[in-house]
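Just so we're clear, the structure is a prediction, and the values are computed from it rather than from any experiment. Residue numbers start at 1 and run along the sequence shown. We count ligands from 1, going down the list as the structure has it; atoms in each ligand are counted the same way.
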Amino acid sequence: MTTRHAVISGASIAGLSAAFWLRRTGWEVTVLERAAAFRDGGQNVDVRGVGREVLARMGLTDAVKAQNTTETGTVFVDAAGRVLGELPSGGPDGATAELEVLRGDFARTILEHLPDGVEIGYGDSITEVAEDATAVAVTTASGRVLHADLLVVAEGVRSSTRDRLFGDRVERRDLGIAMVFGTIPRVDGDDDRWRWYTAAGGRQVHLRPDNHGTTRAILSFSRAEDLTRLDRADALSRVHARFAGVGWEAPRVLDAFDTAEDVYIDNLTQIRLPVWHRGRVCLAGDAAWCVTPMGGGGASLALVSGYVLAASLATDSLEPALTAYEEWMRPLVEDVQALPRWIVPFAYPRTRWGLGLRRVADKVLTSRPFAPVVAKVTSVAATERPLPHLVVT
Ligand SMILES: Cc1cc2nc3c(=O)[nH]c(=O)nc-3n(C[C@H](O)[C@H](O)[C@H](O)COP(=O)(O)OP(=O)(O)OC[C@H]3O[C@@H](n4cnc5c(N)ncnc54)[C@H](O)[C@@H]3O)c2cc1C
């Protein structure tokens, strides 16, 4: 049998998982990554549900555990920093998961454990895709023309190749929330828990410990305008205005963001498509189904997708295999994307009255009898179905 060749666009969790598993099942694999080098950075992601089983089959559980962010639980705090309620880690799928890791550490772990023979072309991206009955021809910005049996597009939520090939079938569901992420200096008093402060006016401040001696901060808020279109200074000055008078650690975070190297702003947008493949092209990870941090589980789904794709392709020809891949992944994705309508206004109360209601609900949810309810909410990528069987070479 001739060796099949896959081109994978995007070298983060979905792309690297697909590279890992396709190579392990005998494919020739070329990965293209737009960034000039491996993209480090990002904040907490976690491995949950069936993602843990995929990680174990990769032999990477201990490597990921060794990079645990050190977070021991989650607390809701008030403006004075007093704890209003606590969600301890509580098992593998607690609010702080057992396998909690920074995105960059996670992606690098997969990268460093790729089987021999995976080629990664950094600083390159796809400019043209043409297909005939026997191959897909991928032309890149650097002038390469790669002929492959399959193109896997794993370029994240703003994937340009997906937009080019799937066009108006891509539905973007804007959740009306912006998040500003950044790494700030750790100070005395930063503890080992995720501290979560909600203020009226639809604003939240998050501080989380990491395993690099710094603190990961997020300012998130319900938004009217799109700050991602502004330059950094303009966008941050609007964030300063939006968080004026919020209290707690907001002034410290705002000051630190002014000089932090890795600040980025994102609008939470779900990606939905009726179908994730077309001919010899398939989508994986956020490019196919971004679930946003509001749904959670994006990293687990990205990890699982690489395994399920390779397992499906190992037992069937292309079209039925890509259909089987979709059929296996879709229930997991739909489960996380199906956010109830009240969740955004509940999480981001605008009025003092709404905030009061939220505080009462937090108290109830963090009480012992409600632990099973919280466990259900934080459980993602969970399924009773066994993973498809995969024979590695
Ligand atoms: C730098 C970074 C920081 C992140 N931080 C967080 C975070 O703090 N919290 C959180 O919940 N999620 C974060 N995410 C998103 C998180 O990684 C994903 O939700 C999830 O893990 C799914 O991963 P993915 O591989 O599908 O997509 P992504 O992790 O978004 O990776 C997409 C990859 O494709 C590359 N790419 C994009 N366009 C092209 C192109 N045209 N050609 C070639 N390559 C391309 C990107 O450079 C990136 O390496 C971050 C992603 C990145 C890239």
Side-chain angles (χ1 to χ4, degrees), residues 7-20 30-48 51 69 97 99-111 120-129 138-142 144 146 151-165 177 179-183 194 206 208 210 216-220 260-266 268-271 276 282-306 309 329 333 336-337 380-381:
V7 172
I8 298 170
S9 185
S12 182
I13 295 163
L16 293 173
S17 174
F20 182 101
T30 309
V31 182
L32 301 171
E33 165 58 49
R34 187 177 56 185
F38 169 71
R39 277 189 82 179
D40 210 343
Q43 303 207 347
N44 297 51
V45 297
D46 42 34
V47 186
R48 292 177 184 269
T69 58
L99 292 171
E100 193 85 36
V101 60
L102 296 181
R103 188 215 69 96
D105 290 344
F106 188 24
R108 188 186 293 282
T109 300
I110 307 173
L111 177 75
I120 305 193
Y122 287 107
D124 207 0
S125 56
I126 295 172
T127 53
E128 209 179 307
V129 178
V138 174
T139 307
T140 76
S142 71
R144 293 175 80 182
L146 300 160
L151 167 62
V152 181
V153 178
E155 298 174 352
V157 59
R158 271 173 264 290
S159 167
S160 54
T161 307
R162 172 203 62 207
D163 289 352
R164 189 177 315 133
L165 299 178
I177 303 295
M179 281 191 169
V180 191
F181 302 87
T183 306
W194 173 2
H206 301 261
R208 304 183 76 169
D210 69 21
R216 306 283 155 154
I218 306 174
L219 299 176
S220 60
E261 281 174 13
D262 63 346
V263 167
Y264 75 94
I265 302 179
D266 204 8
L268 301 198
T269 310
Q270 287 185 348
I271 296 294
W276 295 327
C282 83
L283 305 174
D286 279 10
W289 56 65
C290 180
V291 293
T292 80
M294 196 92 191
S300 300
L301 294 171
L303 183 75
V304 171
S305 67
L309 180 63
M329 291 302 301
V333 169
V336 193
Q337 285 194 329
V380 293

Between ligand 1 and [X], can you find any atom pair, the residue atom being a heavy atom, that is separated by under 4.0 Å?
X	result
S159	no
A35	no
Y264	yes

Could you tell me the residue and atom name of the protein heavy atom closest to [atom], and the distance to it rounded to 0.1 Å?
atom	result
atom 47 (O) of ligand 1	E33 OE2, 2.6 Å
atom 12 (N) of ligand 1	V45 CG1, 4.2 Å
atom 26 (O) of ligand 1	D286 N, 2.8 Å
atom 17 (O) of ligand 1	R103 CD, 3.0 Å
atom 8 (O) of ligand 1	Q43 N, 2.6 Å
atom 25 (O) of ligand 1	A14 N, 2.9 Å
atom 37 (C) of ligand 1	E155 O, 3.1 Å
atom 23 (O) of ligand 1	A302 CB, 4.0 Å

At less than 4.0 angstrom from any non-hydrogen atom of [X], what atoms of ligand 1 do you find?
X	value
A154	32 (C), 33 (C), 34 (O)
S9	42 (N), 43 (C)
I13	21 (O), 25 (O)

With no hydrogens and no angle check, is any side-chain donor or acceptor of [X] less than 3.5 Å from a backbone partner on [Y]?
X	Y	answer
S300	D46	yes
S17	I13	no
R162	V157	yes

Can you see which heavy atom on [X] is nearest to which on [Y], and at what distance?
X	Y	value
D40	R108	OD2-NH2, 3.1 Å
W289	S305	CH2-CB, 3.5 Å
P293	M179	CG-SD, 4.2 Å

Do any N/O atoms on [X] end up under 3.5 angstrom from N/O atoms on ligand 1?
X	answer
T161	no
A284	no
D124	no
D40	no
G285	no

Considering only heavy atoms from C-beta outward, does the side chain of [X] approach that of [Y] to under 4.5 Å?
X	Y	answer
N44	L102	yes
I126	V153	no
L16	I120	yes
H206	W194	yes
I218	Q43	yes

Using a 4.0 Å heavy-atom threshold (strictly under), name the region of [X] that reaches ligand 1: side chain, backbone, both or neither.
X	answer
R34	both
R39	side chain
S160	side chain

- Answer yes if the side chains of R103 and S12 hold a donor-acceptor pair under 3.5 Å, and no otherwise. yes
- Item | Donor-acceptor side-chain pairing of E155 and S9 below 3.5 angstrom |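 Yes, a side-chain donor-acceptor pair sits under 3.5 Å.
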- Heavy-atom nearest neighbour of atom 28 (P) of ligand 1 within options S125, P293, S12: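 Heavy atom nearest to atom 28 (P) of ligand 1 belongs to S12.
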- Item | Electrostatic pair R158:D266 at N-O distance under 4.0 angstrom | yes
